[in-house]
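This structure is a prediction, so every number in the text was calculated from the model and none was measured.
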Amino acid sequence: MPLRNCALFGVSRLPLRKTLAYSVSHNATAPMNRRLFLKSTAIAIGATKWGAPAATTANPAPAADIDASRIPRWRGFNLQGRFSAPQHPYDGPAYEEFDFATMAEWGFNFARLPLAYWVWGSREDWSLIREEPLKKIDQGLELGWHYGMHINLNFHRIPGYCINGRELEPADLFTGTRAERDRAMAAAVYHWKAFARRYKGIPNRRLSFDLINEPPKMRSNEGALEERYVEIVQALVAAIREEDSKRLIFADGMNIGQAPVLGIVGLGLVQSTRGYLPKAVSHYTANWVPKDEFETMAPPTWPLKDDQGQIWDRARLKREYIDRYKPLIDRGVQVHVGEWGVFNKTPHPVALAWMEDSLSLWKEAGWGYALWNLRGSFGVMDSERADVEYEDLRGHKLDRKMVDLLRKY
């Protein structure tokens, strides 16, 4: 759970972990009729070039597309787009061809694109959907597909919720009043339906949706949060499938993406987990993580002994990562690690040792993964680690040991 500044993804890099760029300008398109928005989930934007069925004379589809019952072992990275913001106007491409080309050259095939609805919409008017920012996302998809990537579109900030800057939303999707929750749900449905219609007919082997990034941290007395999350997922899945009945959909685990959700097993979804445990290794000195999430504040080692005298090693990771998800696996649910990585303040040898234990477990389980991130403080390029001898890669600083480790698994 790297820091996500849900106001400036890709424009500013706070502690260079998770930053979300979006545009909040209002000068491109007039908002839709609010009454229509509130009474209906009809889509504001029209059909695009992808509105036609996937199978055509010019572009025949395979005999059978993939579905949630069995997905490839997709491996890759989270890619942060660069979009315009009032303080940082920008009119270039949101995604760089270099990123997709480099991933393909290394043998990876998966790109998760975390998005904030503020890119194309507005927190002041949830009925607003602007076409120009969506075209930049389209361009990113086309680049990814050109290089053989599966693209996973994630709503990192959805109307009513973001793991960081949650209070910036005008109503809370999870814990607001009933009226506020209903309002946020209607908006979340509305925006996902827009995406479902826009990308209808694209084969699942090329595109999937990831509904909400990292639902809230859930303490022992907050079981209602999971019930609410199940309600939200059910509503969003139904809305998407009204527009595109076969779309492959991922749902993040509960409790910041870390816990399986049995209440959505029957919906035919992939569940997306996280690989950040223990936080004392993955987020050492990261000041955006609450202190009560750290097992120890001492300089990390691997294996690690925490403040309770408990040992964290490969066996402990298996219990935390794999065994916890056995109830899902036994029911045939596919699991993918949507985010994981190590902040650049963890000593490099420790980071690599922890990463190898994690990677080996996921490979044994048949799970794919997406590192946070490709370029940045958790990534394999431009990570600004003080203890790495970087190689030059077309003007970027490459952590060769880390990328070679990823390619091994």
Side-chain angles (χ1 to χ4, degrees), residues 41 43 64-74 110 112 114-115 150-156 158-161 163 173-174 181-182 184-216 218 223-274 324-339 365-368 370:
T41 54
I43 304 307
D65 198 9
I66 63 172
D67 59 32
S69 66
R70 187 66 182 172
I71 63 171
R73 187 171 175 260
W74 283 314
F110 184 89
R112 181 176 183 260
L115 301 169
H150 176 87
I151 303 296
N152 179 248
L153 293 180
N154 164 249
F155 277 16
H156 194 288
I158 195 167
Y161 181 74
I163 188 66
L173 181 62
F174 284 88
R181 296 197 308 272
D182 288 350
M185 178 80 91
V189 163
Y190 175 76
H191 283 260
W192 264 125
K193 283 177 71 74
F195 270 63
R197 180 174 177 178
R198 187 177 191 88
Y199 300 117
K200 182 177 182 178
I202 297 174
N204 289 334
R205 68 182 185 277
R206 301 173 72 191
L207 179 71
S208 59
F209 293 162
D210 182 357
L211 299 175
I212 300 175
N213 183 75
E214 296 180 2
M218 186 179 68
L225 273 182
E226 182 164 355
E227 295 174 9
R228 174 58 176 168
Y229 182 50
V230 170
E231 290 177 357
I232 294 167
V233 170
Q234 290 171 337
L236 297 181
V237 169
I240 290 168
R241 289 180 174 160
E242 281 183 17
E243 301 295 333
D244 189 353
S245 62
K246 303 298 185 181
R247 174 58 55 214
L248 180 63
I249 302 172
F250 287 48
D252 282 14
M254 193 60 203
N255 196 23
I256 327 179
Q258 299 172 143
V261 186
L262 294 178
I264 59 175
V265 166
L267 297 179
L269 311 177
V270 176
Q271 290 207 26
S272 179
T273 187
R274 293 296 178 269
R324 178 179 291 186
Y325 275 79
K326 191 174 186 299
L328 290 185
I329 296 167
D330 289 346
R331 291 165 172 81
V333 176
Q334 297 284 283
V335 180
H336 187 268
V337 184
E339 286 186 23
W367 298 358

Starting at [atom1] of [X], measure out to [atom2] of [Y] and round the result to the nearest 0.5 Å.
X	Y	atom1	atom2	answer
Glu231	Leu236	CD	CG	11.5 Å
Arg73	His336	CZ	NE2	9.0 Å
Ile212	Ile158	CD1	CD1	4.5 Å
Arg205	Asp65	CZ	CG	6.0 Å
Tyr161	Asn213	OH	CG	7.5 Å

Of all the heavy-atom pairs spanning [X] and [Y], show the shortest one and how long it is.
X	Y	answer
Gly268	Ala68	O-CB, 3.2 Å
Ala235	Met185	CB-SD, 3.7 Å
Arg324	Ala259	CD-CA, 4.4 Å

Heavy atoms, side chains only, cut-off 4.5 Å: are [X] and [Y] in contact?
X	Y	result
Arg228	Arg181	yes
Phe195	Ile240	no
Asp67	Lys246	no
Asn255	Glu214	no
Phe155	Pro114	no
Thr273	Gln258	no
Phe174	Leu225	yes
Tyr229	Asp252	yes

Exercise for review: Given side-chain contact (heavy atoms from CB on, under 4.5 Å), test Arg70 with Gln334 step by step and report yes or no.
Suggested key: CA-CA 7 Å; Arg70 187 66 182 172; Gln334 297 284 283; 3.8 Å; yes

Review point. Do the ring planes of Tyr199 and Phe209 sit parallel (below 30°), tilted (30 to 60°) or perpendicular (above 60°)?
Key: perpendicular

Point to revise | Derivation of the salt bridge (charged side-chain N to carboxylate O under 4.0 Å, His left out) call for Lys193 and Glu243 | key: CA-CA 7 Å; Lys193 283 177 71 74; Glu243 301 295 333; 3.1 Å; yes

Check your understanding: Do Arg274 and Ser272 have side-chain atoms, one donor and one acceptor, less than 3.5 Å apart?
Key -> yes

**Study point:** Side chains of His150 and Ser208, donor plus acceptor under 3.5 Å
**Key:** yes

Exercise for review: Could you go through the side-chain contact (heavy atoms from CB on, under 4.5 Å) check for Arg197 and Asp244 one step at a time?
Suggested key: CA-CA 7 Å; Arg197 180 174 177 178; Asp244 189 353; over 6 Å; no

Review point. Are the side chain of His191 and the backbone of Pro159 linked by a donor-acceptor contact shorter than 3.5 Å?
Key: no

Review point. Do Arg331 side-chain atoms and Pro327 backbone N/O form a donor-acceptor pair below 3.5 Å?
Key: yes

**Study point:** Electrostatic pair Asp210-Arg112, nearest N-O below 4.0 angstrom
**Key:** yes

Practice item. Give the intermediate values and the outcome of side-chain contact (heavy atoms from CB on, under 4.5 Å) for residues Tyr325 and Trp367. Key: CA-CA 12 Å; Tyr325 275 79; Trp367 298 358; 3.9 Å; yes

Check your understanding: Among Leu153, Ile249, Ile264, which one satisfies side chain to side chain contact (heavy atoms under 4.5 Å, CB included) with Leu211?
Key -> Ile249

Check your understanding: Stepwise, does the side-chain contact (heavy atoms from CB on, under 4.5 Å) test hold for Leu262 with Leu328?
Key -> CA-CA 7 Å; Leu262 294 178; Leu328 290 185; 3.7 Å; yes

